[in-house]
Amino acid sequence: SWGWFGRDGANDGMTAYVVYGLSVAKKSGLGVDKAAVTRGAEFLRGRMASLRERSPLGRSPLPCDLDKRVYIVLALSEFETAWGGATLATKRLAGLLAGRDDERSATDEVMLAVACRRLGMTEEADRLAKRVEKRPLEDVATAAFTLQLQAERGGDVGDALRFLLSRRQGKGWRTTIESAYAILGLSSLLERAKPGDYATPGRVTIDINGKTTMLDLPSNADPKFDG
């Protein structure tokens, strides 16, 4: 498990954040210490067993206060699909959360939808995605996860893409973490479920460590689109 600083005790939000990030890094082909991430995942599984109702994530490196259960399930879904396959236990947790009619924030809704999709629970993911589409976008992290979700399921990426591009400040976004989420969201367009079937016209430039990738959206582009 991880805390905020070297001598801090274990922090649920930071541990989920690290497990999520290292699992994404593994999927991207980077070398990751599996044993360390596995210990973090086991810690999160133990925490989930004691969380019966919505619990605020509290202090975390995220721009909004999430339901701790949703963020842990998202981290576990990335971990399990990075090293093997989804477990029945995590699928059960995701199914219980998705099946409840609790009032969720837009961020909780989209993160749970992404987790369900990672776990192969496409019916639950699509049902949540329809609810996500009706929610207004209010922050970069939510827009980035919405872009991931819609890109993977072949949905309309237009609103999320425009929101992210509208929040740029110079060459990046307001903070490093906002920039990181934006890059993850924009990168998902490159692995879209239906290549060439883009919903929003224009061009996106992704520049990471001096390497530039141009993402062209279709030929019937609106010339006023400045992406």
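Every value quoted in this text rests on a predicted model; they were computed, and no experiment measured them.
- Using a 4.5 Å cut-off on side-chain heavy atoms (C-beta onward), Arg131 and Arg104 make contact.
- No option in Leu93, Asp108, Leu97 other than Leu97 meets the side-chain contact (heavy atoms from CB on, under 4.5 Å) test with Arg69.
- In this structure, Arg92 CZ and Leu119 CG are separated by 12.5 Å, a value rounded to the nearest 0.5 Å.
- Going from atom NZ of Lys68 over to atom CG of Leu44 covers 10.5 Å, rounded to the nearest 0.5 Å.
- In plain terms, the two heavy atoms of Ala41 and Val19 that are nearest each other are N-CG2, 3.9 Å.
- In this structure, Lys27 and Thr81 have side chains that are in contact, with non-hydrogen atoms separated by less than 4.5 Å.
- Scanning both residues, Tyr20 and Leu184, for their nearest heavy atoms gives OH-CD1, 4.0 Å.
- Across Thr15 and Phe43, no two heavy atoms sit closer than the pair CG2-CD2, 3.8 Å.
- When all heavy atoms of Ala129 and Gln150 are compared, the pair lying nearest together is CB-OE1, 4.4 Å.
- Looking at every heavy atom in both residues, Ala94 comes nearest to Val73 through CB-CG1, 3.9 Å.
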Under the side-chain hydrogen bond (donor to acceptor under 3.5 Å, both in side chains) rule, what do Lys91 and Ser77 come out as? Steps first, then yes or no, please. CA-CA 8 Å; Lys91 283 186 172 183; Ser77 73; over 6 Å; no
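- Within the 4.5 Å cutoff, no side-chain heavy atoms of Tyr181 are placed close to those of Thr175.
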Please determine whether salt bridge (Lys or Arg N to Asp or Glu O under 4.0 Å) holds for the pair Glu109 and Arg135, giving the CA-CA distance in whole Å, both sets of side-chain angles, and the decisive distance to 0.1 Å. CA-CA 9 Å; Glu109 200 99 87; Arg135 306 288 291 267; 3.2 Å; yes
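- Nearest heavy atom pair, residue Leu161 against residue Leu186, reads CD1-CD2, 3.4 Å.
- With a 6.0 Å radius and a threshold of 12 heavy atoms from other residues, nucleotides or ligands, Lys26 has its NZ atom at or below the threshold.
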Can Lys130 and Glu133 be said to form a salt bridge (Lys or Arg N to Asp or Glu O under 4.0 Å), step by step? CA-CA 5 Å; Lys130 291 177 181 178; Glu133 290 172 347; over 6 Å; no
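- Interatomic distance, Leu128 CG to Met111 CE, rounded to the nearest 0.5 Å: 14.0 Å.
- Counting only heavy atoms from C-beta outward, the side chains of Leu74 and Phe145 approach each other to under 4.5 Å.
- With salt bridges taken as basic N to acidic carboxylate O contacts below 4.0 Å, one links Arg45 and Glu42.
- Each of Leu137, Val110, Leu112, Val114 was checked for a side-chain contact (heavy atoms from CB on, under 4.5 Å) with Val132, and the lone residue meeting it is Val110.
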Full working for salt bridge (Lys or Arg N to Asp or Glu O under 4.0 Å) between Arg117 and Glu123: CA-CA 9 Å; Arg117 189 161 183 87; Glu123 183 176 335; over 6 Å; no
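- With rounding to the nearest 0.5 angstrom, the CG atom of Leu147 is 4.0 Å from the OG atom of Ser188.
- Once rounded to the nearest 0.5 Å, the distance linking CG of Leu164 with OG1 of Thr142 reads 10.0 Å.
- Here Ser179 contributes atom OG and Arg168 contributes atom CZ; the two are 11.5 Å apart, rounded to the nearest 0.5 Å.
- Side-chain contact between Tyr71 and Asp12 is absent, with no heavy atoms from C-beta onward closer than 4.5 Å.
- Side-chain atoms of Arg167 and Arg162, non-hydrogen and from C-beta on, never get closer than 4.5 Å to each other.
- Environment of CG in Leu88: sparse, with no more than 12 heavy atoms of neighbouring residues, nucleotides or ligands closer than 6.0 Å.
- Side chains of Asp67 and Thr107 form no contact here, defined as non-hydrogen atoms less than 4.5 Å apart.
- For the pair Thr38 and Phe79, the minimum side-chain heavy-atom distance is below 4.5 Å.
- Cluster membership for Ile183 and Phe163, using ILVMFWY side-chain heavy atoms within less than 4.5 angstrom, is not shared.
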Please determine whether side-chain hydrogen bond (donor to acceptor under 3.5 Å, both in side chains) holds for the pair Thr90 and Glu80, giving the CA-CA distance in whole Å, both sets of side-chain angles, and the decisive distance to 0.1 Å. CA-CA 9 Å; Thr90 302; Glu80 291 174 2; 2.6 Å; yes
